[in-house]
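Along the sequence shown, residues carry numbers from 1. As the structure lists them, so they are numbered: ligands from 1, and atoms in each ligand from 1.
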Amino acid sequence: MKIKFPLMIAVLSWALFSCQPTVKKSADSIDAKVDSIVSLMTLEEKIGQLTLFTSDMDQTGAFIRKEYEEDIKQGRVGSIFNAYGAEYTRKLQKMAVENTRMKIPLLFGYDVIHGHRTIFPMPLAEAASWDLEIIEKSARIAAIEATAEGLHWTFAPMADVSFDPRWGRIIEGAGEDTYLASLISAARVKGFQGDNLSDLNTLVACVKHFAAYGASQAGRDYHSVDMSERMLREVYLPPYKAALDAGAMTVMTSFNDLNGIPATASKYLMTEILRDEWGFEGFIVTDYTSIMELMYHGVAADTLEASLLSINAGVDIDMQAGFYNTALTRLVETKQVDEELINIAVRRILKVKYLLGLFDDPYRYSSTEREATEIMTPEFIETARDVARKSIVLLKNENQLLPIDPATKTIAVIGPLSESRRDLIGSWSAAGDWAKSVTLLEGIKARVPNARILHAQGCDIDGKSKDGFAQAIAAARQADVVVLALGEAYWMSGEAASRSDIGLPGVQQQLAEAIHATGKPVVAVLMNGRPLTINWLDENIPAILQTWFLGTTTGNAIADVLFGDYNPSGKLPVTFPKNVGQIPIHYNMKNTGRPFDANNKYTTKYLDVSNEPLYPFGFGLSYTTFAYDEIELSKSSIGLEETLTVSINVANTGDFDGEEVVQMYIRDKVASVSRPVKELKGFKKINLKKGESQKVSFEIGLEALSFYRADMSFGAEKGDFEVMIGGSSVDTKSASFSLK
Ligand code: GLC
């Protein structure tokens with residue numbers, strides 16, 4: 001039912017906003033103005049603000065509702081996603097502002113996950129840099145480019161901890177460790193949002209997927225999650241909280257059910273934890289059609305019941321299901337939902353629009369001038385290349401095969417990823433143009449223009465044909481060194497891309513064996529979206545670089561490392577298992593009551609594989625070597641109010657300048673619950689010239705010793721602790737101290 005509304009009041013309310021200076025607005029003035037808008041809105045108009053539809057410019061879910069432009073004109077939608085570009089967003093914005101009674105501007109959202117036009121390394125790759133500064137810078141540049149193309153809101157950072165590499169979305173997060181993922185999630189929020197959302201180049205962040213999506217059963221995407229509250233609070237919740245503490249203004253619900261309750265219907269998650277415990281004041285949006293999926297979960301029989309569950313759980317915006325649009329009016333009319341609940345949701349959303357300055361000027365982000373000058377600038381490209389090379393992890397380098405001498409005469413570049421362009425920018429590549437990415441072959445040719453470069457694809461990423469082997473073998477035979485590019489296609493990780501076998505796809509293993517059989521020195525360059533069980537490569541190939549999907553500048557960044565212009569410094573943010581049977585496997589496991597003992601049958605082990613991973617969390621080699629002295633403690637015990645300083649001298653004992661991620665782990669030896677054998681509680685990335693050494697110190701306080709105790713209270717317990725420091729989670733020096 002359309003209520004005719006005196007134009008004068010609408011103009012007055014509009015005037016109330018448009019005369020405001022675009023300065024940082026005080027909270028009360030925003031609340032007051034938002035309240036006055038809500039008081040003028042009809043129920044139908046309010047419900048429209050609770051709906052988010054995708055445009056048909058990009059597709060990120062099962063279906064698209066074609067009539068979204070009519071929805072905009074009729075006020076049935078308050079936000080649009082998958083639409084960008086100054087012209088297009090201006091066009092859609094005009095539809096909302098000029099056709100609806102209240103003229104409330106649209107919010108434009110998009111999955112700007114690792115860059116917008118300039119594509120940076122996938123998030124898991126960036127996490128391998130352990131460099132919070134460049135991770136924040138990467139998000140900052142993404143925000144500049146996205147807002148230059150009319151966007152206000154990104155569905156990032158993804159803060160889902162995961163230690164199951166079968167799960168394709170492990171690539172979208174920051175790996176297996178809670179502490180590292182918390183710091184990285186916060187850095188990404190700061191990069192996206194800057195320090196003032198009314199700045200033209202700041203983007204509203206959306207921390208996702210709340211919650212514990214990374215624990216999907218058997219690594220199968222969208223599958224159920226079941227865990228203890230202790231595991232939830234200890235391992236999975238902190239990165240979301242860190243993102244919110246960094247100021248993230250929005251949260252996205254996860255597809256999974258948690259302990260039987262789908263997140264999108266979970267009052268425990270969306271209200272009791274997010275709002276009551278954490279004080280979150282932004283708005284909550286579902287994931288793609290998640291409200292509708294409550295019916296598939298079997299907790300709702302129809303649209304009404306699904307909508308009732310979600311709005312009562314505290315979910316503000318319905319992404320793509322359109323259920324709120326069809327059900328909330330009825331639920332309010334039949335008094336199953338109090339209209340005030342709708343008002344609260346609308347206020348949260350309008351407040352974000354207000355903070356973005358959209359009420360001052362709805363078109364302020366749809367600027368063709370910025371589009372022309374702030375996209376893929378040389379500075380952005382150079383930064384992306386720096387982030388990319390710092391994300392590379394050197395897994396093996398027998399007899400210092402790497403770096404390759406740039407004077408090498410003949411280099412064979414072989415493999416299905418040697419000339420790939422599309423795969424390099426990975427999944428969730430937003431407006432990235434893969435045609436502009438630099439291939440590995442191009443990067444090598446550019447770096448050593450005088451070398452004779454032989455190229456052969458050898459095989460497809462995922463095919464069975466070995467027809468290309470002969471040409472590849474012939475190329476290898478003529479070369480002084482072979483660069484062998486292996487891995488996954490971009491679509492083999494990311495959403496809906498779980499794999500039950502995480503080995504090299506297709507006949508790549510056989511290609512590697514054939515090239516190895518030529519006897520030529522081989523450098524394997526891995527491009528993949530998850531840990532792979534590359535045991536044979538580890539046993540037979542002398543040098544292995546883990547390069548993930550590095551984005552637009554891939555070929556140049558890898559060449560920087562291959563030829564020694566940059567000494568690799570990456571460390572694994574996720575464990576590489578020896579086989580799928582070991583999963584879940586992560587560095588911070590429990591000791592068990594029967595810790596492995598080779599001399600005792602009755603201890604925890606497998607009959608067919610060791611308990612150790614192929615490569616552990618925190619592992620990564622360098623072209624140089626680092627030596628760690630013994631740990632020095634400022635004291636042997638601390639009281640509850642004291643901090644302990646632990647220091648260690650690190651020396652660069654090799655022939656290259658290099659960076660080292662010095663990692664600090666703690667073990668609580670005896671506590672009211674069993675504790676992991678170690679937990680990352682600090683790290684510092686240092687730069688040492690060859691021959692140089694540096695003293696690295698960490699402060700240990702109560703926070704680092706705290707956990708969810710037997711009674712589920714959070715805090716530390718007196719007793720003995722072990723502190724371990726090293727260049728990975730397994731190669732450490734240790735010392736003991738106690739909390740008195
Ligand atoms: C997708 C993803 C989510 C993304 C959303 C919008 O299904 O699960 O990460 O932000 O839909 O594209």
Enumerated ligand 1 atoms positioned under 4.0 Å from heavy atoms of Y288: 7 (O), 11 (O)
Test item: side-chain donor near acceptor, D164 and S162, under 3.5 Å: no
Sub-4.0 Å heavy-atom contact, Y110 with ligand 1: no
Geometric class of the F255/H209 ring pair [parallel <30°, tilted 30-60°, perpendicular >60°]: parallel
Subset of ligand 1 atoms that lie under 4.0 Å from at least one heavy atom of F81: 6 (C), 12 (O)
Within-cut-off N or O pair, T60 and ligand 1, under 3.5 Å: yes
Close approach of M158 to ligand 1, heavy atoms, under 4.0 angstrom: no
Sidechain-backbone polar pair: Q74 side chain, R76 backbone, donor-acceptor under 3.5 Å: no
CA sep, side-chain torsions, deciding dist, call: Y365, L358, side-chain contact (heavy atoms from CB on, under 4.5 Å): CA-CA 9 Å; Y365 293 88; L358 290 173; 3.9 Å; yes
F255 neighbourhood, listing ligand 1 atoms whose heavy-atom distance to it stays under 4.0 Å: 7 (O), 8 (O)
Any N/O pair Y213/ligand 1 closer than 3.5 Å: no
Which segment of E172 sits under 4.0 Å of ligand 1 when only heavy atoms are counted: neither
Any R169 heavy atom less than 4.0 Å to ligand 1: yes
Derivation of the salt bridge (Lys or Arg N to Asp or Glu O under 4.0 Å) call for E172 and R169: CA-CA 5 Å; E172 297 175 41; R169 304 200 77 169; 2.6 Å; yes
Within-cut-off N or O pair, N82 and ligand 1, under 3.5 Å: no
Polar proximity ligand 1 side, W428 side, N/O cut 3.5 Å exclusive: no
Closest candidate by heavy atom, reference atom 4 (C) of ligand 1, pool D111, V285, T289: D111
4.0 Å heavy-atom contact, Q320 with ligand 1: no
